[in-house]
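Structure first, commentary second.
FYI, the numbering just counts along the sequence from 1. Hydrogens, waters and symmetry mates are skipped; everything else that's a heavy atom, side chains included, is used.
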Amino acid sequence: MMTPDSSTVIATALLTSSGFARVALTAPNERLREAAAAELAHKIIAALEGSEKPSDPRQMTLPL
């Protein structure tokens with residue numbers, strides 16, 4: 001069951017997912033698209049279950 005804040009959790013999970021996952025959804029290669037979709041699905045499920053690991057503070061964020 002979706003709670004009112006579920007959309008916020010999902011949006012945050014999408015925005016904090018790896019750049020690979022977000023960009024590869026549009027790749028012309030089917031294998032890359034499937035891998036990206038699976039990674040995003042895992043990220044969203046982890047966020048909804050509350051088992052998402054915090055990102056490593058040493059990881060540099062790069063704007064797209």
Just verifying a value: how many Å separate [X] [atom1] and [Y] [atom2], rounded to the nearest 0.5 Å?
X	Y	atom1	atom2	value
L14	L40	CG	CG	6.0 Å
T16	R22	OG1	CZ	8.0 Å
E34	N29	CD	CG	9.0 Å

Nearest atoms (heavy-atom pairs only) where [X] meets [Y]:
X	Y	value
S18	E39	OG-OE2, 2.6 Å
A21	A36	O-CB, 3.4 Å
T26	V23	OG1-O, 2.8 Å
F20	A35	CZ-CB, 4.2 Å

**Asked** Do side-chain atoms of R33 reach the backbone of A24 as a donor and acceptor pair under 3.5 angstrom?
**Response**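 Not a single qualifying donor-acceptor pair exists.
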**Request:** Treating Ile, Leu, Val, Met, Phe, Trp and Tyr as nodes and any side-chain heavy-atom pair under 4.5 angstrom as an edge, say whether I44 and V9 lie in one connected cluster.
**Result:**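 Yes.
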